Amino acid sequence: MIRNIPDSPAEQSSATRRLSMTEALRDALRVAMRADPSVFLLGEDLGVPGGFGGGFTVTLGLSEEFGHERVMDTPISEIAIVGAAIGAAMMGMRPVAEMQYGDFVFCAMDQVVNQAAKMHYMSNGQVKVPLVLRLPVGASGRGAQHGQCTEAYFLHTPGLKVVCPSTPYDAKGLLLAAIRDDNPVVFLEHKLLYGAKGGRKEKTSLDPMGEVPAGDYEVPLGTVAVRRPGSHLTILANMLMTHRTLTAAERLAAEGIEAEVIDVRSLVPLDLETIRASVARTGRVLIVEEDNLSGGWGAEVAARLGETSFDDLDAPITRVAAPDTPLPCAAALESVYVPSVERITDTARRLVQE
Amino acid sequence: MSPDRPLTPQQLLDVYRRMVLIRRYEDHLYLLFLKGQVPGTLHQCQGQEAVAVGVCAVLRADDVIFSTHRPVGHLLAKGASLKGVSAEIWGKAAAGGKGGQMHLAAVEVGAMPSNAIVGANVPIAVGAALAFKLRREDRVAVSFFGDGAANIGALHEGINLAAVKDAPVVFVCENNLYAASTHIAQSLRVTDIADRAAAYGIPGQVVDGMDVLAVHQSALEAVERARSGGGPTLLEYKTYRFKGHSRGDAGNYRSKEEFERWRQRDPVDLFRRRLLDEYQQSERDLEAIERACQADIEEAVAFTVASPEPLAAECFRHVFAD
Ligand SMILES: Cc1ncc(C[n+]2csc(CCOP(=O)(O)OP(=O)(O)O)c2C)c(N)n1
Ligand SMILES: [Mg+2]
C-alpha cells in the first residue's frame, strides 16, 4: 500500500477541507474502512438509526455506509468490547473500539493491561493485537467519573502505544497510523476539541478547525510537533493544553518572552530527541498537562530530561498540572482544577525570570 | 407468603405526594434547562416515578439505596431534601460542588452517593448488605439499575455473590427499554431480565413499573424476604422514560407511536385516577398536594440558584478523610 506521509498539509497533493476534529476522525475511520475490510468498529450507540454516533458523534453516518456488522453496536459491556477487540485482532482483524467516555476503560482494565498489552510479549511474538481503543477524555462539566485524562495509566503499561492529537490534521493522520499499527494503541480524544460542526457541541469547547487532506495519509506514531518556535523556554503540552499553551505563548510574546511550544501528540513511543534538541537551545522546560500532577506523563518526561539533559538546563523543570484531587464537577471548581491560560502564562514567566 | 397489606389512606397520599414531587421537580428542572439555567449534564426520570416511590415506600429510614446516573427520583423518594438535591445539581457551596447531577447523595436518609458508572453500584450494594448481615442488623440495601446495566460484568458478579451469601439486598432493574439510544432487543436475547434470576438461584419477578401499587407490593415482599434472611431478589419493572437519555437528546431512535403508547400509561396520572375512582380521595386534596409540591420546588430551586458558588479551596477538600 502506498502511503502518503506529509509533514504538513501543504505537502499533501490532494484537496484539503476545513474540518473539525470530529469530522477528521470520522474521515479517518471512513478511509480506513474503505481501504481495508479487516477494519471494523465496536462500541455503544455507534450506529443506531436516529442515535448518537457514539459518545461524541464521531461514528455518525458510518453504519449507513458500512452496515451494522462493521459498525457493531454492543451492549453496555466494556469488558466484552475490549476483550472482543483483542480476540478479533488476534485473528487478523483491525478493530477500533470506543469507550463512550474514557473513564469507562477502567471497567475493562484487565483486558487492556493484562491481555492486550502483554499478549504479543508472552507469546514470544506469535500473536499480534492490532487494535485501537478510542477514549474521549477531558473535563467538561460532568464530574469525576466523566472527565479524567487517563494517559498515565497506559504510559505505565509496556506494550501499549499512546497517542493524543490536538488538531484535526493530526487526528486523522494519527488515527490512520494507529489503525495500521500492529500493536494495541490507546487513542485519546479531548472532548473540548471535538468541535461543533458535525458533532455534539460541548459548552466550553474550543472547536479547533483545520485543513485536512481528503485522501489517505498518516502522521507517524512516535512523533511530536513543534507548534511554535521560541528561544526562551520549551513548553511541552498535549490535547487541550496545547491550545491553552499556544494562547499563553502569544501573551508571553507580547512581553518579549518567546516560548517554543511542542505538542506531545504521541506519548508512547516518545520522541525524546526532538524535545531534547529544543531544551538544548532554550535551557528551560515547562510541562503542561490536564492530568493529576503525581505520576503523570509530565513526571516521566521530566525524569528523562533530568537524566539526559541536565547540563542543558538553566532552571528546574517545572510542571503545570491538575492538582492531586479527583475532578470536581461545579464550573467554579473545574476551572480551578484544569490548568488555565493564566496559570500557564504566569508559571512560564516566572520560569524565565529564574 | 405474600404480605398483602393494603396501604392506609395516609400512606396512599404520601405515595402520591412523592410521585408528584419527583415529576414536578424534574419538569421544573427541564424548563430551566431549556432556558439554559441548569449547569452540567442532566438525566431525567419522568415516567419512572412509580418504581422509585413504590420501592422506597417500603424501606425504613435506616435501609440504604444505591442509585445511578438518573438519580433524582430515587433520592426524593428516599426522603432527600429538595434543597440538598438542587445544591448538588447546581454545584453550589452548600453541596460542595464536587459531585454533580450524577452524584447525588443524602446519606442522612440512606441515599448513598449515586453512581455514574453503569452497573458499578450493584456489587457495592451487595457489600452494604453483607455489612448488615455481618453485624446482625436487620437492614436492607437496594441497588437501582437500568436494563443497560444488566449487561455489565460487575452486575453478574455482584448478584451471584449476594445469592451465595444470602445478602439482604434487593436488585431493582428499571427496564425502560433503552440504554441511551440502544433498544433492549439489540442487547439482550431474553425479553425479561428477571429471567436471569433463575441462573443466580434467586427469585425474580417482572412487574408493571407504571403501577405504583404493584411496585409497592412486589418490593414489600422482596424487602421482607431480604430482611428476614431469605436472601436477594431480582425485580424487573417495565417502565419508560418520557424525556431523552440526557440533556439535549431528542430521542430520534424511538417511534412516536411507542412514545404515545407509554404516555397513555403515565404512572402519575394512572395513580391519580385510581385515588379518585377507587380510593375515594377528593380532587381538592390531590390539588392541594400538587400545589404544595410545586411551591416547595420553586422555593427550593430559587433558594439554590441564589446561593453561593463553592470557593476554590473546596476543590482540595475531602480527597482523604481526616
Ligand atoms: C460503564 C459505563 N458504560 C457506559 C456509560 C455511558 N452511559 C451512561 S448511561 C448509559 C445508558 C444506561 O442505560 P440503562 O442502564 O438502561 O439506564 P437508563 O439510562 O435507561 O436509566 C450509558 C451507556 C456509563 N456511564 N458507564
Ligand atoms: Mg434503560
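Just so it is clear: chains get the letters A, B, ... in the order the sequence lines come, proteins before strands, and each one is counted from 1. What you see is a predicted model, and the numbers here were worked out from it, not measured in a lab.
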Can you see which heavy atom on Ala312(B) is nearest to which on Val336(A), and at what distance?
CB-CG2, 3.6 Å
Flag yes if more than 12 heavy atoms outside Phe33(B) fall under 6.0 Å of its CZ atom; otherwise flag no.
yes
Pick whichever of His245(B), Lys98(B), Lys92(B), Glu314(B) has the most heavy-atom pairs under 4.5 Å with chain A.
Lys98(B)
Does the side chain of Ser77(A) pick up a donor-acceptor pair with the side chain of Asn151(B) at under 3.5 Å?
no
Non-hydrogen atoms of Asp45(A) and Ala179(B) that approach each other most closely:
OD1-O, 3.5 Å
How long is the span from the CZ atom in Phe320(B) to the CG atom in Asp324(A), to the nearest 0.5 Å?
8.5 Å
Between CD1 of Ile76(A) and CD1 of Ile117(B), what distance do you get to the nearest 0.5 Å?
11.0 Å
What's the separation between atom NE2 in His146(A) and atom CE in Met102(B), rounded to the nearest 0.5 Å?
4.0 Å
Option that, when pairs with chain A are counted at under 4.5 Å, heavy atom only, ranks first among Ala150(B), Gly100(B), Pro39(B), Ala116(B):
Ala116(B)
Closest heavy-atom contact between Phe316(B) and Pro323(A)?
CE2-CB, 3.4 Å
Using side-chain heavy atoms (C-beta onward) and a distance below 4.5 Å, is Asn115(B) in contact with Gln145(A)?
yes
So which heavy atom on Cys329(A) is nearest to which on Gly99(B), and how close?
CB-O, 3.1 Å
Verify, without hydrogens or angle tests, whether Glu309(B) (side chain) and Ala332(A) (backbone) share a donor-acceptor contact under 3.5 angstrom.
no
Taken to the nearest 0.5 Å, the spacing of His69(B) NE2 from Arg142(A) CZ works out to 13.0 Å
Taking every non-hydrogen atom, the tightest pair across Ala180(B) and Phe52(A)
CB-CE1, 3.6 Å
Among Leu188(B), Leu155(B), Ile152(B), Thr41(B), residue most engaged with chain A (heavy-atom pairs, under 4.5 Å)
Ile152(B)
At a 4.5 Å cut-off on heavy atoms, which part of Leu311(B) comes close to chain A: side chain, backbone, both, or neither?
backbone
So which of Pro310(B), Gly153(B), Gly91(B) has the biggest tally of heavy-atom pairs under 4.5 Å with chain A?
Pro310(B)
